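This report concerns only the one structure given below.
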Amino acid sequence: MVAIKSRNLRIPEDVSVIGYMSDWVSDVINPRISYVKQNPREIGTKAFRLLSDQINGDSRVRRMVVKTRLEIRESTRNI
């Protein structure tokens, strides 16, 4: 965001900013950053299940999907 502003560009009018995780920083800076909201508990549970299966001899490669949600805040322009 500093680099964007140093080039005299405006957030979100010229450039939208989106983060991948929310933390306290995304709440205290101005404008507040839009972000992809994740479910860390579900990620951990699925990761543990995969690891446990592998420890017990399951060598299959599996793909697991954890749902996310885009949380739009002031750093993203509505179009």
Side-chain angles (χ1 to χ4, degrees):
M1 292 176 76
V2 171
I4 292 168
K5 290 179 180 181
S6 73
R7 288 170 175 76
N8 293 321
L9 296 171
R10 299 164 300 154
I11 302 169
E13 292 84 356
D14 301 315
V15 179
S16 290
V17 177
I18 299 176
Y20 194 67
M21 288 184 64
S22 177
D23 59 14
W24 65 271
V25 174
S26 60
D27 286 329
V28 297
I29 62 172
N30 188 12
R32 293 184 321 143
I33 299 175
S34 299
Y35 67 96
V36 177
K37 187 172 187 167
Q38 303 177 72
N39 185 334
R41 177 171 285 197
E42 184 180 356
I43 293 169
T45 300
K46 288 185 176 188
F48 177 80
R49 188 175 304 131
L50 286 172
L51 179 60
S52 176
D53 290 348
Q54 288 180 354
I55 289 171
N56 292 316
D58 185 353
S59 60
R60 292 178 294 164
V61 175
R62 287 183 275 161
R63 178 180 173 193
M64 292 193 164
V65 176
V66 176
K67 290 184 181 181
T68 60
R69 181 172 58 89
L70 182 59
E71 181 78 25
I72 300 295
R73 293 181 169 177
E74 293 84 23
S75 70
T76 308
R77 186 178 78 159
N78 290 328
I79 52 174

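These numbers come from a predicted model, not from an experiment. Hydrogens, waters and symmetry mates are skipped; everything else that's a heavy atom, side chains included, is used.
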Between [atom1] of [X] and [atom2] of [Y], what distance do you get to the nearest 0.5 Å?
X: T68; Y: Y35; atom1: OG1; atom2: OH; result: 11.5 Å
X: I11; Y: E74; atom1: CD1; atom2: CD; result: 12.0 Å
X: R63; Y: L50; atom1: CZ; atom2: CG; result: 13.0 Å
X: R77; Y: R10; atom1: CZ; atom2: CZ; result: 9.0 Å
X: L51; Y: N56; atom1: CG; atom2: CG; result: 9.5 Å

(message) Check whether K67 reaches the backbone of N39 with its side chain - one donor and one acceptor, N or O, closer than 3.5 Å.
(response)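 Here the side-chain-to-backbone pair does not exist.
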(message) Main chain of R49, side chain of S52: is a donor-acceptor contact present, judged purely on distance under 3.5 Å?
(response)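 No; judged by distance alone, with no hydrogens or angles, the pair does not exist.
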(request) Report yes or no: do M64 and I55 belong to one cluster of Ile/Leu/Val/Met/Phe/Trp/Tyr joined by side chain heavy-atom distances under 4.5 Å? (result)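 No, M64 and I55 fall in different hydrophobic clusters.
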(message) According to a hydrophobic-cluster definition based on side-chain heavy atoms being under 4.5 Å apart (Ile, Leu, Val, Met, Phe, Trp, Tyr only), do L70 and Y20 belong together?
(response)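 Both belong to a single hydrophobic cluster.
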Work out which heavy atom in [X] is nearest to a heavy atom in [Y]; give both atom names and the distance.
X: K46; Y: V66; result: CD-CG2, 3.9 Å
X: S34; Y: S75; result: N-OG, 2.8 Å
X: P31; Y: M1; result: CD-CE, 3.7 Å
X: I33; Y: V17; result: CG2-O, 4.1 Å

(request) Quick one: do D53 and R62 satisfy side-chain contact (heavy atoms from CB on, under 4.5 Å)? Show the steps, please. (result) CA-CA 11 Å; D53 290 348; R62 287 183 275 161; 2.6 Å; yes
